[in-house]
Amino acid sequence: MGKPTGFLEYDRETSTAEAPLERIKHFHEFKTPLKLEEQRKQAARCMECGVPFCQSGCMIGGMASGCPLHNLVPETNDLVYRGNFKQAYLRLSKTHSFPEFTCRVCPALCEAACTCNVNGEPVSTKENERAIIETAYAEGWVKPEPPKVRTGKKVAVIGSGPSGLAAAMQLNRRGHEVTVYERHDRIGGLLRYGIPNMKLEKSVLDRRIHLMEEEGVKFVTGVDVGKDIKAEELTKNFDRVILACGASNPRDIKVPGRDAKNIFFAVDFLSKVTKSLLDSGDKEQISKEVRSLAEGKHVLVIGGGDTGNDCVGTSIRLGAKTVTQLEMMPKPSETRTPSNPWPQWPRVLKTDYGQEEAIAVFGHDPRIYQTTVTEFIKDEKGAVKQAKIVSLKPVKDEKTGRMNMVPVEGTEKVIEVGLVLIAAGFLGSQAYVTDAFQVKVNGRTNVETAPESYESSVPGIFVAGDMHRGQSLVVWAIREGRMAAEKVDESLMGYTNL
Ligand code: FAD
C-alpha cells in the first residue's frame, strides 16, 4: 500500500487557503487543492502500517476513531499514489455515497487515527479523497446509475439531509421507487441550509442531486410531513418510511430578555444568509435585509463549537463591527494530554476558518472560555442592546461525580451587542414528527431502536442520521442512511445485497 518509504521522503502538504482578509470578501470555497502529481506524493505517505485505524470507525475511549464508513483508506491511497484514479473512485464508491461532501466538510476522523499522526503528520486522506472524486467528475466517470429492474416496492424518505440522500440513493439503485420529502424549498438538509458556502459550495450539492434525479429518485420540496401531509397517508401509500429529519431542535438560552429582537438560533441565521445568496441567482448577492442582520453590529455568538465558528465567519462576511464567541467549557489543551492518546479522537484546541478570520480582522481570537450569558438587555424598541455575561468555574457534583460549570461571583460584566446567535447545540428530534408516526423516543428525544437496528418501535418505520444518533457529522449521517437502506431492503425482499 502506498510507497513503503513515502512517509520518510515526503512531508505532509495540504491545499492552500486564500488569506483570511481576502476570502472574507466572498462566500466561496477558499482552498486551492494540490496538483494531482503532488497529491499522488501525499498518498505515497500511506505507509502500510499494518493496523490501519484510519478505516476502523471503532469506538475508543468513548469516541469514534477512524472512518465510520470504513472507507478502505490504505487501498485508495495506494491507487492515488499509483495514479489509478478510476480504480480509486470505484473502490471509494463501494463504501461511500458522497465523497464530494466529506472531502470538504469532514473533520477527517481517518486522519486523526492515521498511524503517521503519532507524530502529528497524518496522510492527507481527506484531500486524497477530494482528488479522487473531483477527478472522477471531471473525467465523466460519475454517471447516473439507474436500476436495471424495478421491484415495485415504494419507500418514502422524510428529510433530504445526507442521511436521507444516502438512504434514497441506495434504495433507488436497488430498484425500489423512492420519494424524498423535504419541508424546505431546496434539497440538502444542513448541507444546504446550515453548512455555509465557504465550506461547501451549493453547486457541489446540486450536481449530485441532478444525478440522483436522473437515476429516478423523486424529490418533493415544500412539504412538511406531519403538518402538510398526514403520517397515515404516507404509511398507506408506501411500503416503508425512513425518518431522516435531523436533530433540528436547538438548545435555547433561557435567561431574562431572551424575547428581545435580533436574537436568532444559529441555523436560522445561517439559512437566511445561504437562502439569500441562492435566491439572488448568478449575482450571488446577499439582500440588504439579510446583510443588515450583522452589518455594523457587535455580534455575540453563544457556543464555541463548529456551528459557532460558521456564525463567526458568516458575520464577518456580512460586515460585523466586532464578533465575540462565548464557550462555557475551559480552553482545550493545544496538544494531546496523556489521557487522550492516539488513536483516540484528539480533544485539542482547534482554530477554525472563522476564528482565523476574526484574528485577522480584529487582531484577537473571538473566543472567551468559561463564560456564559445571564441576561439580555433591550433598547426602547425591544431589540437586544447588551448582554450580561459571567465567568464560570468547574465544580464537582459530590453526588454524581460530574463536573458542573458554575458562575464565579463578582465576575459579571455587561457587553454591547446588536445581534446574538445561539449555537449551543441541539436537543434531538422534533415532537410533531415523532408524534405523527407514534415512534418511541429516548431521553434525548432521538428515535429509539434496538442496537444496530434502524427500525423504530413502529414496524415499517425506520430512522437514520441525527434523528437517530443525535447531532453528529455528515459522515455519520451517510453511514446511517446506508445502514437504514440495508435494513429496509432486507425487510422488503427477505435478503439484501446492499
Ligand atoms: P439534516 O441534515 O438535519 O437534514 C434533515 C432534513 O429533514 C432537513 O432538511 C429538514 O428540513 C428535513 N425535515 C425535518 N422534518 C421534516 C418534515 N417533517 N417533513 C419534511 N422534511 C423534514 N458536520 C460535518 O461533518 N462537518 C461540518 O462541517 C458540519 N458543519 C455543520 C454546521 C452547522 C451550522 C450545523 C448545524 C451542523 C454541521 N454539521 C457538520 C453536522 C451535519 O450537518 C449533520 O450531522 C448532518 O447534516 C445530519 O444529517 P441528517 O440527514 O441526519 O439531517
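Given the structure is predicted, the values throughout are model-derived calculations rather than measurements. Order of appearance sets the numbers: ligands from 1, and atoms from 1 within every ligand. Throughout, residue positions are numbered sequentially from 1 according to the sequence presented.
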Legend entry - Distance from atom 41 (C) of ligand 1 to nearest protein heavy atom, with residue and atom: Ser472 O, 3.3 Å
Inset, instruction - If you have a sec, work out which protein heavy atom is nearest atom 52 (O) of ligand 1 and how many Å separate them, to one decimal? - result: Asp466 N, 2.8 Å
Legend entry - Gap separating the CE atom of Met467 from the OG atom of Ser472, nearest 0.5 angstrom: 15.5 Å
Inset, instruction - Would you give the length of the straight line joining atom CG of Leu171 to atom NZ of Lys153, rounded to the nearest 0.5 angstrom? - result: 13.0 Å
Legend entry - The one among Thr221, Val474, Val225 that brings a heavy atom closest to atom 25 (O) of ligand 1: Val474
Inset, instruction - Please confirm whether Arg482 makes a cation-pi placement over Phe98, using NZ or CZ under 6.0 Å from the six-membered ring centre and within 45° of the ring normal. - result: no
Legend entry - Sub-4.0 Å heavy-atom contact, Ala266 with ligand 1: no
Legend entry - Within 6.0 Å of CE in Met63, more than 12 heavy atoms from elsewhere: yes
Inset, instruction - Write out the residue and atom name of the closest protein heavy atom to atom 7 (O) of ligand 1, then the distance separating them to 0.1 Å. - result: Gly159 CA, 3.2 Å
Inset, instruction - Tell me, yes or no, whether the heavy-atom count around Lys154 atom NZ, taken from other residues, nucleotides or ligands under 6.0 Å, exceeds 12. - result: yes
Inset, instruction - Below 4.0 angstrom from a heavy atom of Ala477, which ligand 1 atoms are there? Numbered from 1 as shown, please. - result: 48 (C), 49 (O)
Inset, instruction - Just let me know how Tyr432 lines up against ligand 1, side chain, backbone, both or neither, with a heavy-atom cut-off below 4.0 Å. - result: side chain
Legend entry - All side-chain contact (heavy atoms from CB on, under 4.5 Å) counterparts of Glu29, not counting sequence neighbours: Arg104, Arg130, Glu201, Val204
Inset, instruction - Go through ligand 1 atom by atom and flag the ones less than 4.0 Å from a non-hydrogen atom of Glu182. - result: 6 (C), 7 (O), 8 (C), 9 (O), 10 (C), 11 (O), 12 (C), 20 (C), 21 (N)
Legend entry - Nearest protein heavy atom with distance in Å, relative to atom 27 (C) of ligand 1: Val105 O, 3.5 Å
Legend entry - Element-labelled atoms of ligand 1 that are located less than 4.0 Å from some non-hydrogen atom of Val433: 18 (N)
Inset, instruction - Check Ala244 against ligand 1 and report side chain, backbone, both or neither, counting heavy atoms closer than 4.0 Å. - result: backbone
Legend entry - Interfacing atoms of ligand 1 (cut-off 4.0 Å, heavy-atom, Gly189): 2 (O), 4 (O), 8 (C), 9 (O)
Legend entry - Straight-line distance of Thr95 OG1 to Glu75 CD, nearest 0.5 Å: 9.5 Å
Inset, instruction - Find all atoms of ligand 1 within a distance of less than 4.0 Å from any non-hydrogen atom belonging to His184, and give their numbers and elements. - result: 11 (O)
Legend entry - Closest protein heavy atom (residue, atom, distance) for atom 21 (N) of ligand 1: Arg183 N, 3.1 Å
Legend entry - Which segment of Ile158 sits under 4.0 Å of ligand 1 when only heavy atoms are counted: side chain
Legend entry - Residue and atom name of the nearest protein heavy atom (relative to atom 32 (C) of ligand 1), distance in Å to one decimal: Asp310 OD2, 3.2 Å
Inset, instruction - Select the closest option to atom 50 (P) of ligand 1 among Gly188, Gly465, Ser163, Gly305, judged by heavy-atom distance. - result: Ser163
Inset, instruction - Using non-hydrogen atoms of the residue, decide whether Thr102 is closer than 4.0 angstrom to ligand 1. - result: no
Legend entry - Min heavy-atom dist Pro162 to ligand 1 below 4.0 Å: yes
Inset, instruction - Tell me which protein heavy atom sits closest to atom 35 (C) of ligand 1, plus the residue, atom name and distance to 0.1 Å. - result: Thr307 OG1, 3.7 Å
Legend entry - side-chain contact (heavy atoms from CB on, under 4.5 Å) evaluation trace for Thr14 with Lys31: CA-CA 9 Å; Thr14 54; Lys31 290 190 178 165; over 6 Å; no
Inset, instruction - With heavy atoms under 4.0 Å as the rule, classify the contact between Lys199 and ligand 1 as side chain, backbone, both or neither. - result: side chain
Legend entry - side chain to side chain donor-acceptor pair (under 3.5 Å) partners of residues 454-464, not counting sequence neighbours, each pair once: none
Legend entry - Name of the residue among Lys202, Lys272, Arg186 meeting salt bridge (charged side-chain N to carboxylate O under 4.0 Å, His left out) with Asp279: Arg186
Inset, instruction - Ignoring hydrogens, just give me the one of Leu270, Ile478, Val267, Ile195 whose non-hydrogen atom is nearest atom 40 (C) of ligand 1. - result: Ile195
Legend entry - Numbered atoms of ligand 1 (with element) below 4.0 Å of Leu473, judged on heavy atoms: 23 (N), 24 (C), 25 (O), 45 (O)
Legend entry - Closest non-hydrogen atom pair, Ala156 against Tyr181: CB-CE1, 4.1 Å
Legend entry - Which residue and heavy atom of the protein sit nearest atom 2 (O) of ligand 1, plus the separation: Leu190 N, 3.0 Å
Legend entry - Atom indices of ligand 1 within 4.0 angstrom of Gly194 heavy atoms, with elements: 34 (C)
Legend entry - Close-contact set for ligand 1 against Tyr181 heavy atoms, below 4.0 Å: 20 (C), 21 (N)
Legend entry - Six-ring centre of Tyr432, Lys227 cation under 6.0 angstrom, axis tolerance 45°: yes
Legend entry - Part of Asp224 with heavy atoms under 4.0 Å of ligand 1, whether side chain, backbone, both or neither: both
Legend entry - Glu18 versus His28, side-chain donor and acceptor atoms under 3.5 Å: no
Inset, instruction - Would you verify whether the NZ or CZ of Arg207 falls within 45 degrees of the ring axis of Tyr137 while also being under 6.0 Å from that six-membered ring's centre? - result: yes
Inset, instruction - Could you tell me whether the side chains of Gln42 and Glu127 share a donor-acceptor contact shorter than 3.5 Å? - result: no
Inset, instruction - Measure the distances from the heavy atoms of Asp306 to every atom of ligand 1 and state whether one is below 4.0 angstrom. - result: no
Inset, instruction - Decide whether Arg367 and Thr351 meet the rule of one side-chain donor and one side-chain acceptor closer than 3.5 Å. - result: yes
